[in-house]
Amino acid sequence: MSTPTNTDRFPAPSPAPFKLEARFASDLPEMSAAWQGEEQPAPELMLLNEDLAHLLGLDPDWLRTPAGVEFLLGLNPSPTTKMVAQGYAGHQFGQFVPSLGDGRALLLGEIQAPDGTLRDLHLKGSGRTQFSRGADGRAALGPILREYIISEAMHALGVPTTRSLAVLTTGRKIQRGQVVPGAVLVRVATSHIRVGSFQYANITGGIDLSRRLADHAISRHFPELDEPRTEGPDRYVGMFNRVMDAQNQTVAQWMRLGFIHGVMNTDNTLISGETIDYGPCAFMERYRDGAVFSSIDTHGRYRYSSQPAIIGWNLARLVETLLPLLGETPDDGMDTAQELMGTYADRYQKAFHREMAGSLGVSPDAPGAEELIGAYVSLLRAHSPDLTMLNRALSDWSEDSVAPEGFGEWITHWWSFTPDLEAMQRINPIYVPRNHLVEEALDDATEGDWEAFHTLLSLVTNPFEHRPGHERFEQPSPEGFEDDYMTYCGT
Ligand code: AMP
Ligand code: MG
């Protein structure tokens, strides 16, 4: 991109004990704008995820040094070859926006972890970029902490997700209706390639850029298509099929857990299948198909029960950017795309069936499993139980347990499958980030009291282990709380 950059203001480099790669920036310069973070008045490293740092081969002690903190703010270029803001497009609530991009984010580069995987190190709230469209490029501490705790909870629950490495407060006061502390999140993902990245490549660079982006995505996520190299349409059909399976698997897990993403725009849908952008998300307590919490989702486009259909819609937006790559002729490409999308509903259903069978401790292939799961979902709809408590109560079931209202007959039938309770206890959590607990933790931390945040974080990152003395964290929110609960993009 031959656009202005702000990289001329780098401070004197302080050496770092590692080096990042810049594969995205070098493979896709048309989608990368060289940039750096903005200077911060009084930065402070508030949270550092040491386990994740070790997984990445980063030394937590170095990250805590002044040079490390500069690095985490996008101000120390010594470990990086090129920090960039990434360009992407996206359908937001169904409306196409051709130029979104990292308006307050930066890709520091990719790190080769000791386990051999390549991960993006990415900042959110690091200041204005050429994609900011008049906004301030900053993020508020509350929403940044929300992303930290919920993404780490999702990871502990086994859901593919971006992860959170660190939170820094900037010392800046920012305007979000009221004056709130500014913060930067350091986020880790196997990549930040979005459906919206393909939309951007398609409209700005046509088939050449789309192909290079697809090849880059394949090298990052589906290396088996490179070894040996699959050529022609099969290569991109292979990629699309893998994206579909990854996304179906993730959304099926959301559905099993009662997770509502809240803003499933195509720019918030990753090719890797990792869950990204924990803005207005929420865990539903009382089961309701129509549950929607986001203040801006006025028509309920992203309500709980619509999530599978929406991911199908987003995948259709992806496949249409690939048409010229999917066939030798435009007609062939179109036919292939239609065929692929024709398999979507069935493949999602299978993923959901596997997830639900696991949650109920039965083999997905057991005769009658489909009817058992169907009857369970019907009862959830009819009785609206607290989903987390019910799934866990079943996982801890014994002959003396008391069936919740309406579930007696179904439980007798389920018991006849001799469910594997131990397996259930490893996937049905005791602790999820319940909305009232998250709000309480965030409010306190924003006021400077971090105790509630750390308690909740430690519970939701060990969600299957009962912690005596923390019973209130297993319980639903107070009567009426969920009815009025609203989440905000809160940027
Ligand atoms: P999000 O809702 O975080 O997925 O963001 C959607 C788009 O708006 C992305 O292009 C963001 O970079 C941009 N954006 C959100 N908040 C800000 C902000 N405070 N400053 C600049 N860009 C922003
Ligand atoms: Mg986003």
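FYI, side chains are in, hydrogens and waters are out, and symmetry mates aren't considered; it's all heavy atoms of this structure. If you're wondering where the values come from, they're calculated on a predicted model, not measured in any experiment. Counting convention: from 1, in listed order, for ligands and their atoms alike.
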**Report entry** Heavy-atom gap Gly137 to ligand 1 smaller than 4.0 Å
**Finding:** yes
Report summary line: Sequence neighbours excluded, the answer for side-chain hydrogen bond (donor to acceptor under 3.5 Å, both in side chains) partners of Asp59 is none
Query raised in the report: Of all the heavy atoms in Gly101, does at least one lie under 4.0 Å from an atom in ligand 1?
Result: yes
Query raised in the report: When you check the gap from the basic side-chain N to the acidic O, do Lys350 and Glu355 get nearer than 4.0 Å?
Result: no
Requested in this report: Find all atoms of ligand 1 within a distance of less than 4.0 Å from any non-hydrogen atom belonging to Asp102, and give their numbers and elements.
Outcome: 12 (O)
**Report entry** Among Arg187, Arg220, Arg23, salt bridge (charged side-chain N to carboxylate O under 4.0 Å, His left out) partner for Asp120
**Finding:** Arg220
Report task. Just go through Gly134, Ala85, Gly103 and tell me whose heavy atom is the nearest to atom 21 (C) of ligand 1. Result -> Gly103
Query raised in the report: Does Trp35 have Arg128 sitting over its ring (NZ/CZ under 6.0 Å from centre, angle to axis within 45°)?
Result: no
Query raised in the report: Do the ring centers of Tyr302 and Phe293 come within less than 6.0 Å of each other?
Result: no
Requested in this report: Keeping the roles fixed (side chain from Gln130, backbone from Ala33), state whether a donor-acceptor pair exists under 3.5 Å.
Outcome: no
Query raised in the report: At a 4.0 Å threshold, what atoms of ligand 1 neighbour a non-hydrogen atom of Arg138?
Result: 19 (N)
Query raised in the report: Which ligand 1 atoms does Asp277 reach within 4.0 Å, using its non-hydrogen atoms?
Result: 1 (P), 3 (O), 4 (O)
Report summary line: Taken by chain and residue number, the protein N/O/S atoms under 2.8 Å from the Mg ion (ligand 2) read Asn268 OD1, Asp277 OD2
Report task. Identify, by atom number and element, the atoms of ligand 1 in contact range of Tyr88, meaning under 4.0 Å from any of its heavy atoms. Result -> 9 (C), 10 (O)
Query raised in the report: Within 45° of the axis and under 6.0 Å from the centre of the six-membered ring of Trp313, does NZ or CZ of Arg317 qualify?
Result: yes
**Report entry** is_close_aromatic(Tyr431, Phe473), centroid dist under 6.0 Å
**Finding:** no
Query raised in the report: Is a side-chain donor or acceptor of Tyr88 paired with a backbone partner of Gly101 at a separation under 3.5 angstrom?
Result: yes
Query raised in the report: If we only count N/O pairs under 3.5 Å, is Phe131 in contact with ligand 1?
Result: no
Report task. Would you check whether Ala135 has a nitrogen or oxygen atom less than 3.5 angstrom from a nitrogen or oxygen atom of ligand 1? Result -> no
Report task. Answer yes if the ring centres of Tyr485 and Phe481 are under 6.0 angstrom apart, and no otherwise. Result -> yes
**Report entry** Numbered atoms and elements of ligand 1 in range of Arg133, under 4.0 angstrom, heavy atoms
**Finding:** 7 (C), 8 (O), 10 (O), 13 (C)
Requested in this report: Run the salt-bridge test on Arg286 and Asp483 with the 4.0 Å N-O cut-off and return the result as yes or no.
Outcome: yes
Query - Which segment of Arg176 sits under 4.0 Å of ligand 1 when only heavy atoms are counted - result: side chain
Query raised in the report: Asn268 to ligand 1: N or O pair under 3.5 Å?
Result: yes
Query - Backbone of Pro476 reached by a side-chain donor or acceptor of Asp386 within 3.5 Å - result: no
Query - Test of proximity, Cys489 against ligand 1: N or O pairs below 3.5 Å - result: no
Query raised in the report: Is the backbone of Gly258 close enough, under 3.5 Å, to the side chain of Tyr304 for a donor and an acceptor to pair up by distance?
Result: no
Query raised in the report: Counting heavy atoms only, which of Arg104, Arg194, Gln92 is nearest atom 15 (C) of ligand 1?
Result: Arg104
